[in-house]
Amino acid sequence: MKKCMLVIMVIVMTFCISLVALAGSEKETSGTAKEAAPVASDEPCVDEWVFSNLMFMTGGWAPYGEMIVWGMNEAIDEINAAGGIRGVPVRAEVYDTGTHQPELAVTQMAKVLDTKPLLIMGPHGSTDAEACSQLAYDEGVYMLQSTSSYDVAKKFRPWANVWLTNTEQFAKTTGQKWIEREPDIKSVVMFVQPEASTWYEQSKHQSNGLKAVGVKVLEEIAVTEAVDFSPLAVRALSHKPDGFVMYCYPEAMVKIVLELQKRGVKENRRFLFFHGAGTPEFWALGKGYLDGAYQWSIFNSQAKSQKWQKLADKFREDFDGEPNWTVPTDYDSMYLIKKCFEDLKITGCRDKLKEERVKIQKYMNNVDSFEFATMNIKIVDGEYKAPAFLYTIKGDKLENPINCGFEWK
Amino acid sequence: MPISLFYFLVFTGIFILLGWAIYIVYRNGQLNNVPIAAMAVGAYICAYLTRELHWPFLPALLAAMGGGAVFSFVPALGLGRAPGFSMTIATIAMIFITQTVLRNMAFLGGVYGFYSIPRVDHLLIVTYVIVFIVGFFIFRLERSRIGRAMEVVFIDTSVARTLKINTYWLSVWLQVFAGVLGAIAGVLFANLVRILVPRHFSLGMLLNIYCFMFVGGYTTMWGVVVFTPILWGFPLLLPEAVAEWKDTIYGLLLVVTMLLRPEGVISKKMLWDIKVSVKRFFINRRKS
Amino acid sequence: MEFLLAQIINGLILGGIYALLVTGFNLLLLEGGVFQYAYPHLLVLSMYVSWLVLRVTGNNIFLGILAAVLSGIVLGIATEPIFRSLSKRGAAVASFIVALGIAIIITDILSRVINKGIQIAFPESLKGEKALLQFGYAIISAGQMLTILGSFVAVGGIFFILFKTKTGRAMRAMAQVPGVARLIGLPVNAMSLYSYMLAGILGGISSVFLIMALGSASSGLGNTLALKVLAVAIFAGLGNLGGGLVSALILGMAESFVMGYMRGDWANAVAFGMIMIIVMVRPRGIFGMKA
Amino acid sequence: MGKSDRVLLEIKDLSVEYGPVKALQNINLTVNRGEVIVLLGANGAGKSTLLNAVLGIGPPKKGSVFFEGEDITTMPTNRIVASGICLLPEGRGIVPQMLVWENLQLGGYHFKNAVIRKDMENVFRRFPILKERRRQEAGTLSGGQQQILSIGRGLMAKPKLMMLDEPSLGLAPVIITEVFEIIRELNRDGYSILLSEQNARKALQVADRGYVFEKGQIVLSGSAEDLEKNEKVHHAYLGGHI
C-alpha cells in the first residue's frame with residue numbers, strides 16, 4: 001500500500017514540477033535581460049544575445065539539421081571572435097522540431113515565444129513551418145525560415161522570409177534554359193512527390209514553363225516512398241519521352257535515374273534535377289552515374305568569396321564531403337542578423353521589445369544589398385532576390401553554372 | 001499564462017482523447033489506427049465549416065463528431081471480426097487513403113493546406129471540459145453492462161461468445177466511438193494549430209500515443225491520463241542535447257515497461273491497492 | 001507487352017525480397033510466439049554493419065558479406081533474451097510493442113549516429129548493377145538475379161530444415177503444441193534459441209541480398225520494409241510460411257502494377273486498401289493463420 | 001538386490017504450490033523396478049501435477065525426487081527424459097499436423113538418427129497399425145490409435161519408467177480394455193509404469209500397488225488387492241459393489 005502511495009506521489013509531483021518548470025521557463029530565459037535600467041538609450045540591455053533556432057534535429061532530416069546548425073555555429077564562432085554583435089557575445093539555442101512532427105514543432109515554437117525573442121531562426125523544413133509559423137505570425141515575431149520554402153514563407157509575410165527565391169520564376173526559367181541548351185528535347189516526363197507541397201508547387205511551375213516553350217509534359221508521375229523504383233522507371237519509358245524532370249526526394253531521384261539508365265537512357269543530359277538535389281545522399285548514391293545531367297539551384301557552389309572558401313574547406317574537413325546548399329543558410333542568417341542589429345542599434349530591452357520586433361521586420365523585408373557567403377543578395381518588400389543557376393554535373397560536383405536569374409549584380 | 005504551457009496543455013488534452021480512442025478499442029482486443037484518420041476528417045470538417053461557412057464552434061464540433069462517426073462506421077462494419085494485428089495493418093490503409101483524398105481536394109487546400117482557421121475562445125477550458133465529459137462517459141461505460149462485456153472479451157474471446165456477448169457489434173460500436181473521439185481531437189487540433197496539411201495526420205503521431213498508452217497501462221483508462229502529460233512533457237523540459245534522444249528514450253521505456261510491468265505502470269491492481277489504502281487512511285484518521 | 005513483362009519482372013524481384021523477410025518474420029512468430037516487428041530493422045542494422053566493415057577494410061567484399069551475415073546472427077540471438085519472458089507468457093501484443101520500441105531505437109540511432117545519419121551507398125562491386133538479361137525495358141541485373149535465386153535457396157533451406165530434419169520437426173512441434181513439446185522432453189529453450197538463430201542467419205543472408213538488390217540503405221528503410229512485411233504476413237495469414245511466400249509474390253506484383261499503371265499518388269493507399277479488404281473478407285488471411 | 005537397486009523412483013516430501021493454492025502436500029511415493037503403480041483420485045486431486053513435477057515442470061517445489069538414486073528435482077525436463085522417464089500426457093499430446101512417423105521421431109529426439117530408425121522398427125513391430133498409418137497425419141487417427149501412437153512415442157525414448165496420464169480418457173470401453181492390455185504387456189516386457197487413472201477398476205486390475213489422492217495429499221496407499229477391497233476406495237471409485 002505504501003509503495004502505491006509513493007508511486008502516486010511521485011507521479012503527481014513530476015506532473016506538478018513539469019507544469020511549474022514550463023510556466024517558469026518564461027522567467028528563466030528572461031534572465032538574459034539586465035534587471036537594471038539601461039545606461040544609454042541605445043546601448044544593449046543584454047549581456048548575451050540568445051537566438052532560438054527551430055530545427056529538425058531528429059528523424060529522417062536530422063543530418064541536414066546538423067549541417068545547418070553547423071553552419072550557424074561557424075558564424076557564431078567567427079562573430080564572437082570578432083567581438084560579438086554590438087560588443088555583446090552571441091549564443092544560439094536549438095529547439096528540435098522533429099521530422100514531420102507538427103505537434104512537436106508547435107510546442108517548441110510556443111517554448112521559443114515564451115523566451116520573448118526579438119526574432120526567430122526557423123522553423124526550417126516546410127512541414128514544421130506549415131504547422132507552427134502561425135504562432136509567431138500572431139505574436140508578431142519575425143521568422144528567418146531560411147530553408148523552409150518560398151511558398152510557405154509567402155503565406156506568413158511580412159513576418160517570415162526564406163533564402164529560397166521566387167520558385168515560380170526560377171522553376172520556369174531554369175527549365176526553359178535547359179531546353180534552350182538541349183533543343184532536341186521535345187517531351188518530358190516529370191517525377192513529382194505529392195506529399196511535399198513546395199516541391200509539388202515548383203513542379204507545376206516548371207511544367208508550365210516547359211509547356212510555354214512548346215515542350216510536351218507527357219505525365220507527372222507521383223513518387224512516394226518505396227523499396228524499388230523500377231516500376232516507375234518502366235512506366236515513364238512507356239511514354240517514350242525525350243527528357244526527365246525530377247521533383248522528388250534525393251534518394252528516389254537517383255534510384256529512378258539508375259533504373260532509367262539500365263533500361264537504355266544513355267545520355268545524362270536528358271535529366272533535370274530540381275534544387276532539392278545535391279544533398280550528400282544524392283552524391284553518395286549517384287556517385288559516378290550522373291555526369292552530364294543538369295540541376296538547377298539557387299546555391300552558388302562556385303562562389304569565390306573568401307568567406308565561402310573558408311567555410312567550404314572547414315566543412316570538407318568536418319564532414320568528409322562536398323558542402324551542399326543547406327550549409328551556408330544559417331551562416332548567412334546569422335551575419336544578416338548581425339548587420340540588422342548593428343544598423344538598427346537593437347538593444348534587446350524588455351520595454352522596447354514590441355517596437356524592436358517591428359523595426360527588425362521592416363529592416364529584414366527590405367535589404368538593399370548584402371554580401372552572403374556565396375552571393376550578393378537583395379530583399380525587396382519581403383521578397384528575397386537572388387540568382388538561380390543551371391548547373392551541369394561533372395565529376396560528382398556542380399560545374400559550369402549558367403545564370404538564369406534576375407536582379408543580380 | 002505562458003504560451004508554451006497553453007499549447008502543452010491543449011496538446012495533452014488532444015493526446016489523452018486520442019489515447020482513449022485507441023484504448024477503448026484495445027479493451028476489445030484490437031489495435032485500431034482509425035482515430036488518426038478520423039482526426040483528419042474531424043479537423044477538416046470543423047475547419048471548413050468555421051472558416052468558409054462561418055459556423056459557430058459547437059455546431060461545427062457536432063458536425064465533425066458526426067463525420068467521424070460515419071467515417072469510422074463503414075470500415076468498422078468490415079473490421080468487427082478482424083483479429084487484433086490485422087486491424088492494425090488494415091486501418092493504416094485508412095490513414096493513407098485519407099491523406100491521399102485530402103491531397104486531391106482542392107477546396108480544402110489540397111497539398112498546400114488549409115490556412116487561417118479561426119480559433120474558438122477559451123480553447124483550454126473547452127478542451128478540458130471535453131476531456132472531462134469524455135472521461136466521465138468512458139468511466140460510466142466501463143462500469144456498465146458493455147464495460148463488463150469488454151472486460152470478458154479482453155480476457156478471452158471464446159468465453160465471451162459462450163456468454164452470448166455479440167463481439168462483432170461490440171467491436172463495431174467501440175470503433176465508431178473511437179472515430180468520434182478522433183474527430184473531437186481533430187477539431188481541437190484544428191482550433192489549436194489553425195493550419196491543416198494532410199501530412200500532419202500520419203503514423204508518426206500514432207507511435208507517440210502507443211507509447212503513452214502502453215507505458216501508462218492499457219488495462220485502465222487512467223494510464224493514458226497520467227502518462228500522456230509526463231511522457232509528452234519531459235522531453236520539453238530536458239536540455240536540448242538530451243531531448244534529442246527522446247525517440248530512443250521512448251523506445252527504451254516501451255521495452256522496459258513491457259518486460260517489467262507487462263500491464264503498464266498503472267494496472268487495475270495498483271488502482272485497487274490505492275483505493276484500499278486511501279480508505280484505510282481515512283478510517284484510521286476517524287478512529288484517532 | 002514489353003512493359004507488361006517488365007512490370008511483372010519488377011514485381012517478382014520485389015516479391016522475392018518480401019518473401020525473404022516474411023519467412024524470417026513468420027519463423028519467429030511460429031517458434032517464439034513473438035511478433036517481431038523490428039525484424040526488418042535488425043536487417044537494416046546488419047546492412048549498416050556491413051557498410052562500416054567495407055569502409056574500414058577498404059571495400060573488402062568478402063569481409064563485408066561475412067560481417068552482414070555474422071551480425072545478422074548475432075543480432076538475432078541477442079534479441080532472444082529480450083523476448084524470452086514474453087514468449088513464455090504468450091503475450092503477442094506485448095512482444096509487438098517491445099519490438100516497436102526496438103524499432104524506434106534502431107531507427108533513431110541510424111538516423112543520427114552512423115555516417116551522421118546520411119544514407120549509405122554500397123560499392124559498385126557489391127551491387128551487381130550490370131544487366132544480365134534484357135528484353136527491351138525488362139531487365140534483370142546480376143544482383144537481382146542473385147537476390148531471386150538466393151531467396152529461393154535461403155527460403156528453401158529454411159523449409160528443408162523445418163520439414164526434413166529432426167531438429168526442424170521438433171521446432172514445428174514446438175510451434176504447434178508448445179506445452180506438449182516440453183512434456184515429451186524436447187529441449188524447448190535450446191529450440192527457441194535455434195529459431196532465433198535460424199531467423200538471424202536468414203536475416204544476415206537477406207541483408208546481403210538487400211544490399212545487392214537495393215544498393216543503399218537509410219534509417220527509414222526499416223520502417224518501410226516492416227510495414228510491407230506486416231502487410232504480407234497478415235495478407236497470407238500470420239505464421240503461414242507457405243502462404244507467406246505466395247502472398248509476398250502477389251503483393252510484390254500488386255505494388256509493381258499499382259506503381260506502374262495507377263495514376264496519381266494512390267500507390268500506398270491502394271496497396272494497403274487491398275490488405276484492408278482482405279482483412280474484412282477473410283479476417284484470418286487468405287491462407288489462414290497458423291500461429 | 002539391495003534396496004537402492006530395487007527402487008526406481010523415489011519422491012520425498014514433495015510439495016507444490018500455485019500461489020496460495022497447495023496443489024501437492026508432503027507426498028512420499030516410491031516406484032520399484034518392474035512395478036505398475038496407479039494413482040487414484042478425483043479430478044484436481046493432484047495426480048497430473050505430481051507427474052509433471054517428476055519431470056520438473058510446473059511451479060517450484062519443496063522436497064525432492066530421486067530417479068535411480070540420482071536427485072533429479074532441479075534437472076531440466078529434457079535431461080530427465082533422456083535419463084529414462086517418459087510421460088504420455090493427458091489427452092495423448094500428439095502433434096496433429098505432423099505425420100505419424102514424425103511424431104514417433106520426436107519421441108526419440110535425444111537419440112541419433114540410426115538409433116531412432118531401429119527403435120521405430122521395434123515400435124512398428126509391436127504396433128503394426130502405426131506402420132500401416134505412418135504416412136498419415138496424426139490428427140486423422142482415431143482416439144485409440146492416437147493413444148497407441150502416444151505409447152509408441154513414449155517407447156521411442158527408451159524409458160525405464162513410463163508415466164501415463166489418464167490413458168483411458170475419452171476412449172470407448174472396448175478400446176480402454178485394449179489400452180490396459182498394452183500396459184500389462186509393457187509391464188511384462190520390463191517397463192515400470194506409473195499410471196494416473198480415474199477408471200479405478202481397470203487400473204487396479206493391472207497395478208501392483210496404488211496411492212489414493214485427495215486434495216493434494218496421499219490419503220491411502222497399499223497393494224492393489226488391498227485397495228480394491230478397501231471400503232472407502234470402493235465407495236468412491238468403484239461404484240459401490242464388488
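The structure displayed is predicted, hence computed values, not measured ones. Note on naming: letters A, B, ... go to the chains in the order of the sequence lines (proteins, then strands), and numbering restarts at 1 for each one.
Looking at Leu253(B), neither its backbone nor its side chain comes within 4.5 Å of chain C, counting heavy atoms on both sides. Of the atoms belonging to Ile82(C), heavy atoms from both backbone and side chain fall under 4.5 Å from chain B. Interface remark: Phe35(C) contributes side-chain atoms only to the contact with chain B (heavy atom separation under 4.5 Å). For chain B, the nearby part of Arg112(C) is the side chain; its heavy atoms alone come within less than 4.5 Å. When heavy atoms are compared at a cutoff of 4.5 Å, Tyr250(B) does not approach chain C at all.
The contact list for residues 167-181 of chain B toward chain C, using heavy atoms and a distance under 4.5 Å, is empty. Against chain B, the residues from residues 100-111 of chain C that qualify, each with a non-hydrogen atom under 4.5 angstrom away, are Leu100(C), Gly101(C), Ile102(C), Ile104(C), Ile105(C), Asp108(C), Ile109(C) in number order.
Here Thr88(B) contributes atom OG1 and Ile234(C) contributes atom CD1; the two are 6.5 Å apart, rounded to the nearest 0.5 Å. One distance of note links CD1 of Ile97(B) with CE of Met276(C); it measures 6.0 Å at 0.5 Å rounding.
Between chain C and the options Arg103(B), Met87(B), Lys246(B), Gln99(B), heavy-atom pairs under 4.5 Å are most frequent for Arg103(B). Residue with the most contacts toward chain C among Leu77(B), Leu79(B), Thr248(B): Thr248(B) (heavy-atom pairs, distance under 4.5 Å). Counting heavy-atom pairs closer than 4.5 Å to chain B, the top residue among Val270(C), Ile97(C), Ile277(C), Val281(C) is Ile97(C). In terms of heavy-atom pairs under 4.5 Å with chain C, the best-connected choice from Val255(B), Thr98(B), Val256(B) is Val255(B). For the set Ala99(C), Ala233(C), Ala94(C), Ser95(C), the entry with the most heavy-atom pairs within less than 4.5 Å of chain B is Ala94(C).
The local environment of OH in Tyr194(C) is sparse, with at most 12 non-hydrogen atoms from other residues, nucleotides or ligands closer than 6.0 Å.
The salt bridge (charged side-chain N to carboxylate O under 4.0 Å, His left out) test applied to Arg84(C) returns Glu80(C), not counting sequence neighbours. Under the side chain to side chain donor-acceptor pair (under 3.5 Å) criterion, Arg81(B) pairs with no residue, sequence neighbours left out.
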- Determine, stepwise, if the pair Leu227(C) / Ile89(B) fulfils side-chain contact (heavy atoms from CB on, under 4.5 Å). CA-CA 8 Å; Leu227(C) 270 187; Ile89(B) 280 291; 4.2 Å; yes

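Side-chain atoms of Ile92(B) and Leu230(C), non-hydrogen and from C-beta on, never get closer than 4.5 Å to each other. Between Leu31(B) and Phe96(C) there is a side-chain heavy-atom pair separated by less than 4.5 Å.
Residues Ser86(B) and Pro283(C) approach most closely at OG-O, 3.7 Å, considering heavy atoms. When every heavy atom of Val93(C) is checked against every heavy atom of Tyr26(B), the shortest pair comes out as CG1-OH, 2.7 Å. In terms of heavy-atom proximity, Leu86(C) sits nearest to Met258(B) at CD2-O, 4.1 Å. Closest of all the heavy-atom pairs between Gly273(C) and Ala93(B) is N-CB, 3.7 Å.
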